[in-house]
Amino acid sequence: MTEWTEDQDPYEVLGLTQGHESTETQIKKAYRLLALKKHPDKQPNNPNAAAEFHPIQRAFDLLSDAKARAALDDLYRAKAARKAREAGQSEKRRKMREDLEKREGAYQTARNDEQRARNKLKEELNRLRQKEVERRANHAAEVSLAFAQATAHSHQQQQYQADASASAAEYQPAAPPQITQELLRTLKVTWDKHSSSYSVDELKQIMGKHGAVEDIVLVESKKRRRAAPWL
């Protein structure tokens, strides 16, 4: 999750005109509608699809987390209260008030609520960022384990094929097992794309720890909507 700035309103990114009054159901619905149009899987020919969808995903992650959303709403309310106070005064009186507050050291006090809300939001964003790092690390470990298990199973199948060929040698000539060997060297690993997505280079790096990887082909399953690399 990249750095959030105050000029980026997550509610506006998701098209939620109700702002902080939006319900969880409305937030999820708005995200799903945008994902159907903007998700990279829906725009395979758009090289900028991932970058364009990132603000939408980031806004949803922030608003779907109760603590982060509460911190954001507190900041917006504090800013709105300050603007309301300033709007009720003339320009001349506003300048006089600001000068007086600065001289008396009260200017910072007037902004304490806003600053506290801003600091709280920063803490929650850092927590979400760390949570995303941990989730991706755990998922990469799961993919690596699945690949290791598939590799071990493939080795067992190759040994079984070799034993079967040796037993049948006296009854029939051994035909070149080119296709069979290709299939035995092919592994299929699946994962839920809603949890994480990987590029070919990332998969090669993860799976290369367990042996040589000649090639990787990413295939999307229409039934389960899972990504499945063929190696």
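All values reported here derive from a predicted model rather than from experimental measurement. Computed from heavy atoms alone, side chains included, the values below leave out hydrogens, waters and symmetry copies.
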Student: Regarding R116 and N119, is there a side-chain donor-to-acceptor distance under 3.5 Å anywhere?
Tutor: no
Student: Apply side-chain hydrogen bond (donor to acceptor under 3.5 Å, both in side chains) to Q18 and list each qualifying residue two or more places apart in sequence or on a separate chain.
Tutor: none
Student: Which pairs would a plain distance check flag for residues 25-33, meaning a side-chain donor or acceptor within less than 3.5 Å of a matching protein atom at least two apart in sequence or in another chain?
Tutor:
| residue | atom | partner | partner atom | Å |
| --- | --- | --- | --- | --- |
| Q26 | OE1 | T23 | N | 2.9 |
| Q26 | OE1 | T23 | OG1 | 3.4 |
| Y31 | OH | Q57 | OE1 | 2.5 |

Student: For K67, check salt bridge (charged side-chain N to carboxylate O under 4.0 Å, His left out) against everything at least two apart and list the hits.
Tutor: none
Student: Would you kindly say whether R118 and Q115 are connected by a side-chain donor-acceptor distance under 3.5 Å?
Tutor: yes
Student: Applying side-chain hydrogen bond (donor to acceptor under 3.5 Å, both in side chains), name anything that partners Q159, two or more places apart in sequence or on another chain.
Tutor: D163
Student: Residues in side-chain contact (heavy atoms from CB on, under 4.5 Å) with A49, at least two apart?
Tutor: P40, Q43, N46
Student: Quick one: list whatever passes side-chain contact (heavy atoms from CB on, under 4.5 Å) with D73, sequence neighbours left out.
Tutor: Y11, H20, R69, R77
Student: Would you say that more than 12 heavy atoms from the other residues, nucleotides or ligands in this model lie under 6.0 Å from the CD of E52, or not?
Tutor: yes
Student: Hey, could you give me the CG/CG distance between L121 and N126, rounded to the nearest 0.5 Å?
Tutor: 9.5 Å
Student: Partners of A68 by side-chain contact (heavy atoms from CB on, under 4.5 Å), sequence neighbours excluded?
Tutor: L62, D65, E124, L128
Student: Can you list the residues that meet the side-chain hydrogen bond (donor to acceptor under 3.5 Å, both in side chains) rule with E12, with sequence neighbours excluded?
Tutor: none
Student: So which heavy atom on L72 is nearest to which on P10, and how close?
Tutor: CD2-CG, 3.8 Å
Student: Could you go step by step and tell me if H139 and R136 meet the side-chain contact (heavy atoms from CB on, under 4.5 Å) rule?
Tutor: CA-CA 5 Å; H139 196 270; R136 289 186 63 85; 5.7 Å; no
Student: Restricting to salt bridge (charged side-chain N to carboxylate O under 4.0 Å, His left out), what partner residues turn up for K38, sequence neighbours left out?
Tutor: none
Student: Name all residues meeting the side-chain hydrogen bond (donor to acceptor under 3.5 Å, both in side chains) criterion together with S144; count only those two or more places apart in sequence or in a different chain, and write none if there are none.
Tutor: H210
